[in-house]
Structure formats: C-alpha cells, structure tokens
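First comes the structure, then the notes that go with it.
Fair warning: this is a prediction, and the values are worked out from it, not measured in the lab.
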Amino acid sequence: MSLSFSVVTPCLDQAAFLPEAIRSVSEQTHQAIEHLVFDPGSTDGSRTIAADAESVTLVAEADSGQADAVTRGFTQARGDVVAWLNADDRYVDAQVFARVAQRFDAADPPDVVYGRGRYVSPDGGSRGDAFIFDDPAQLPWRLKTGVGLLQPAVFLHKRALALVGGLDPNLHFAMDYDLWIRLVTRGAKFAFLDEDLALAVIHADSKTQSMRGDSIQEAIDVAQRHFGFVSWSWALLQADWELTGQPGLTAHTAADQASKQIAARAQQLFDGYNRNTKTARSLLRPPWDRAMISTLKHMVRRAK
C-alpha cells in the first residue's frame, strides 16, 4: 500500500506567500491526503486563501504560537508521513513526495527522510544553498555544532513523532533544531536524499531574516541545554552575525575566513558559555565524540 502524506502549515498573515506553498503541495504527483493550514487569526486574507483552496483544510483556531500550531498538526495528521511546510516555503517540484515515498519504502525503511534545499528571495532569486549535514551517521555529533537540516526538506514518519511527541512550546525559533536533537537522541533512523527537496523564502518579515540574532541565541541555548556546552562553530556564527550581519544560513559565510575581530568576539562568547564547572563536567564525561573533543582542544589551547 502506498504511503500517505499529511502536510502541516502554520500561517499568520502570509497571504503574499501562502498560495505558492499551497500550489507546491497540491501539484505533487504523489498527492497528500490532507494539507492542514493552521491560522490563528490572520487579517491579510490568508484565511480566505486557505478556505478557498480545494486541497486545504483550514483550522481557524487560536494557538499559543507556531510551535503549538505545528504540534496540533502533528497530532491531527492522518498520513503515514508528516511534512511541516511553513506558509512562506515551498517544494522544488511536483515529484518531491514521490521521491521521498520511494525512500521510505526501501528495504531499510527510515523514520526520517531529509534532503537538500535552497534559500530564495520572494521573486525566486537564489540566496544560496542551505547548509546541510549530508551523512546521517554523523548527526549525533554534528548536531552539537549546528542545525544542519532544512526544516521544509524534512519528512517524518508517524513512528518518529511517536518517539518524541510535538515541538517544545517554549521555543519560538529553534523548535526544529530541538526536534532533530530529540529524534537523534531517541534513536530515530535518518536517511538522506542527495537532492533539493524544498525552497525556503527569505524576506524582510521572515523570522529567519528579521530576528536572526534571537534565532541564533535560542539555538545556542538549545544546544547548551541538550549537550552541556557550546561548540566553537556556534560561537563563531554568533560573532559573525553580531559584527557583519551575515545570516549564517549557507555553507559560505564571513566566518569561514574569520577576521581577527570576529575571532576575538567568538572567543569571548565561547569562554562565556563554557568556562564553568558544569560545562567542564559535561565535557569530561565519556564517551567523547568529535564535537566534544574539538571543544576540549579549543579550551586547552586557549588556556596555554
């Protein structure tokens, strides 16, 4: 029996982008059994767009934020595979679900399928390839150094959601990062498709663009809570944002060849996060992985 897909889309005042998101779902050759759009009270016509779309089920009810809306969608979804597509994102072509379903149906079925993706401007212009961790076997240590998965290019089997439940309602930016960490920690099996699956639209009002500093800080807080330390790469990304305004979403940022000013600020941040007894205990507790060893080496070099 063919796998069924459910798509969950949280939406608030996204009328400029929602039609394209809806179209990218409705035109899939492997059609979704439902596209749930959760709108707590848009005033720009988004609700009308969703209500008028034959492929959409509009859930017009109050929520406590994006994480709450997505979790409600995860709970209500009837499909075998659940996708989380924000209203200002879209799929790259009409065969995405078919390719994802084929990977789920392989002889070694995973719990999560993810792929590559690109950032684009509202008019479709390229803003660069998303930085992706392309080896699922490395996720347990690489997630300690960054996010590395593009949220709309991730597909979750219902058995994966059964492992972790919904999103953390206390998070506003890094709820996807927190979800990936919890899935890996609980033993979910990830599979990678080496191809573009989704486009994330970068625009002036997107949280990724307009509140990037808050987003980075919350992700760092998530990493520190889960792992007990903050990697040098996170400190470097935060310093790069503070000093240059580079979003740090693609593989190539100013931090790749860090200036002395960025490196100095990153060192201040790194020391502030890690030079305490609690972090030392976390890092000295085996088994050690590459992220922990790298962090320890950086601390030792700094102490000399």
Side-chain angles (χ1 to χ4, degrees), residues 112 114 130-151 164 168 170-171 173-188 190 192 208 212-304:
V112 180
Y114 71 104
F131 180 59
I132 304 296
F133 296 149
D134 57 9
D135 183 353
Q138 294 183 353
L139 289 177
W141 72 264
R142 294 207 72 179
L143 283 172
K144 297 177 180 180
T145 69
V147 179
L149 281 76
L150 182 66
Q151 169 252 304
V164 295
D168 185 336
N170 297 311
L171 298 175
F173 307 97
M175 50 272 198
D176 53 346
Y177 181 42
D178 174 74
L179 180 63
W180 315 148
I181 293 170
R182 287 189 287 125
L183 282 165
V184 168
T185 301
R186 297 290 179 86
F190 284 67
F192 174 67
T208 300
R212 185 58 178 155
D214 293 334
S215 176
I216 292 172
Q217 184 62 67
E218 186 172 272
I220 288 173
D221 293 342
V222 166
Q224 193 167 37
R225 171 164 56 86
H226 279 289
F227 307 125
F229 68 95
V230 174
S231 70
W232 172 251
S233 58
W234 271 124
L236 193 61
L237 179 64
Q238 188 173 29
D240 192 28
W241 170 257
E242 287 183 4
L243 297 180
T244 72
Q246 295 294 321
L249 299 170
T250 61
H252 304 289
T253 70
D256 291 334
Q257 274 115 28
S259 68
K260 290 183 178 180
Q261 293 87 351
I262 293 173
R265 177 55 181 155
Q267 190 65 63
Q268 291 177 338
L269 292 165
F270 180 86
D271 290 344
Y273 290 128
N274 293 314
R275 293 200 177 279
N276 57 77
T277 302
K278 185 176 180 180
T279 298
R281 289 172 179 168
S282 297
L283 287 168
L284 293 175
R285 186 182 303 121
W288 294 285
D289 58 33
R290 290 175 63 175
M292 295 171 69
I293 292 171
S294 175
T295 302
L296 281 167
K297 286 182 176 179
H298 194 89
M299 293 178 75
V300 169
R301 284 197 300 269
R302 175 66 171 171
K304 290 182 178 179

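- Ion pairing of Asp289 with Lys144 is present here, as a side-chain N (NZ or NE/NH1/NH2) and a carboxylate O approach within less than 4.0 Å.
- Counted within 6.0 Å of CZ on Arg225, heavy atoms from surrounding residues, nucleotides or ligands total more than 12; the atom is thus considered enclosed.
- Here the side chain of Thr295 pairs a donor or acceptor atom with the backbone of Ala291 at under 3.5 angstrom.
- Using a 4.5 Å cut-off on side-chain heavy atoms (C-beta onward), Val184 and Phe190 make contact.
- Looking at heavy atoms from C-beta onward, Leu269 lies out of side-chain contact with Ile220 at the 4.5 angstrom threshold.
- Between atom CG of residue Leu237 and atom CD1 of residue Ile216 there is a gap of 4.0 Å, rounded to the nearest 0.5 Å.
- Across all their heavy atoms, Tyr177 and Val222 have their closest contact at CD2-CG1, 3.9 Å.
- At least one side-chain heavy atom of Leu296 sits less than 4.5 Å from a side-chain heavy atom of Leu284.
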Arg290/Arg142 under side chain to side chain contact (heavy atoms under 4.5 Å, CB included): CA gap, chis, key distance, verdict: CA-CA 8 Å; Arg290 290 175 63 175; Arg142 294 207 72 179; over 6 Å; no
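- In this structure the side chain of Trp180 never reaches within 4.5 angstrom of the side chain of Val112, judged on heavy atoms.
- Proximity of Gln238 to Val230: side-chain heavy atoms (C-beta onward) are nowhere separated by under 4.5 Å.
- Inter-residue side-chain proximity for Met292 and Leu283 is flagged as met; some heavy-atom pair is nearer than 4.5 Å.
- Residues Trp234 and Ala223 approach most closely at NE1-CB, 4.0 Å, considering heavy atoms.
- When all heavy atoms of Arg275 and Met299 are compared, the closest pair comes out as NH2-O, 3.0 Å.
- A ring pair (Phe, Tyr, Trp, His ring centres under 6.0 Å) with His298 holds for exactly one of Phe229, Tyr273, Phe270; it is Phe270.
- Looking at every heavy atom in both residues, Asp176 comes nearest to Gln151 through OD2-CB, 3.6 Å.
- Under a 3.5 Å cut-off, the side chain of Ser233 and the backbone N or O of Thr145 do form a donor-acceptor pair.
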